[in-house]
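The block underneath contains the structure these notes are about, expressed in structure tokens.
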Amino acid sequence: MAALQDAQRRAAARGTQPGVRSRRATGGGSRRSRRRRWSGPGADDRDPQPFGRVASRIVADRGWAAKLTNGKVFGEWSRLVGVDVAEHAEPVSLQDGELTVRARSTAWATQLRLLQPQLIAKIAAGVGHGVVKRIKIQGPTSPSWRHGPRHVPGRGPRDTYG
């Protein structure tokens, strides 16, 4: 009972009734203090955004642009270098502007070494300048006869063939 009378006295001193919230506390009050709850006719951050714009913003914020351009080289390899070259060569890695390409035969490795300037120009036109600065071309790899943790020096299994 004493608490109720104390609350009534404080409310009377403020000029309000007890148990009734002021308009300012409920979001009422002057027109300037009200927060707009809709975006209106102008552009606003809360408006729906196209997916491409949102994805571009995320890529820029997180610093993924370099990784995406590197992935674009691998994903669009046949379009960038042509179907003929893509059938006989595949990209292996891209680090610090050096693209490593593995050819399916030694003849294609030689051909790709001759075509290096044209391949770099095609990739630059498709992905962007400076992404690929050099191309390192590898020929096909031969099977390794070295199995297990121990290895004996010498000719290996070729000794048993004749």
Side-chain angles (χ1 to χ4, degrees), residues 21 24-162:
R21 299 176 84 183
R24 192 167 290 218
T26 60
S30 71
R31 197 155 178 72
R32 287 184 186 172
S33 67
R34 268 191 213 167
R35 184 176 148 206
R36 231 173 55 192
R37 290 185 176 22
W38 66 91
S39 67
D44 193 359
D45 290 337
R46 297 172 291 169
D47 288 342
Q49 302 291 320
F51 182 73
R53 187 180 305 158
V54 174
S56 297
R57 190 179 308 148
I58 290 171
V59 166
D61 290 346
R62 298 192 182 193
W64 293 344
K67 291 180 181 179
L68 281 178
T69 53
N70 289 355
K72 200 173 184 181
V73 171
F74 289 89
E76 300 180 4
W77 177 249
S78 62
R79 185 186 65 80
L80 292 172
V81 297
V83 178
D84 207 26
V85 173
E87 284 180 15
H88 300 286
E90 60 183 6
V92 177
S93 69
L94 177 58
Q95 294 178 347
D96 300 328
E98 182 177 75
L99 177 67
T100 304
V101 177
R102 179 170 296 125
R104 299 209 191 265
S105 68
T106 54
W108 268 100
T110 303
Q111 184 68 19
L112 291 175
R113 285 186 188 101
L114 295 172
L115 290 174
Q116 262 186 345
Q118 290 90 351
L119 291 177
I120 291 173
K122 284 182 178 182
I123 292 170
V127 178
H129 296 284
V131 175
V132 175
K133 298 172 189 165
R134 295 175 306 281
I135 298 179
K136 179 181 173 184
I137 298 169
Q138 298 174 342
T141 56
S142 60
S144 173
W145 294 99
R146 194 173 184 162
H147 298 288
R150 295 185 177 87
H151 176 70
V152 177
R155 292 199 44 167
R158 291 174 295 275
D159 288 341
T160 61
Y161 291 144

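What you see is a predicted model, and the numbers here were worked out from it, not measured in a lab. Numbering of residues begins at 1 and proceeds along the displayed sequence.
Considering only heavy atoms from C-beta on, V59 comes within 4.5 Å of L68 through its side chain. Inter-residue side-chain proximity for K67 and N70 is flagged as unmet; no heavy-atom pair is nearer than 4.5 Å. Inter-residue side-chain proximity for V81 and I123 is flagged as met; some heavy-atom pair is nearer than 4.5 Å. When side chains are defined from C-beta on, V92 counts as touching R102, because their heavy atoms get closer than 4.5 Å.
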Between I120 and I135, is a side chain to side chain contact (heavy atoms under 4.5 Å, CB included) present by the stated rule, with each step listed?
CA-CA 8 Å; I120 291 173; I135 298 179; 3.7 Å; yes
So K122 and L80, side chain to side chain contact (heavy atoms under 4.5 Å, CB included) or not? Walk me through it.
CA-CA 6 Å; K122 284 182 178 182; L80 292 172; 5.7 Å; no
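Residue K136 holds its NZ atom at 8.0 Å from OG of S93, rounded to the nearest 0.5 Å. From L94, atom CG reaches atom NZ of K133 across 10.0 Å, with rounding to the nearest 0.5 Å. Atoms CZ and CD1, from R53 and I58 in turn, are 13.5 Å apart once rounded to the nearest 0.5 Å. The OG1 atom of T106 sits 14.0 Å away from the CD atom of Q138 when rounded to the nearest 0.5 Å.
Residues passing the ring pair (Phe, Tyr, Trp, His ring centres under 6.0 Å) test with W108 are H88, sequence neighbours excluded. Applying the salt bridge (Lys or Arg N to Asp or Glu O under 4.0 Å) rule to R57 yields no partners; only residues at least two apart in sequence or on another chain are considered.
Without hydrogens or angle criteria, R134 side chain to L99 main chain gives no donor-acceptor distance under 3.5 Å. Remark: the backbone N or O of V101 is not paired with any side-chain donor or acceptor of E90 at under 3.5 angstrom.
Between G139 and A109, the shortest heavy-atom distance links the atoms CA-CB, 4.1 Å. Contact between S105 and P140 at its shortest, heavy atoms only, is C-CD, 3.6 Å.
The stretch residues 51-81 participates, sequence neighbours left out, in no ring pair (Phe, Tyr, Trp, His ring centres under 6.0 Å) pair at all.
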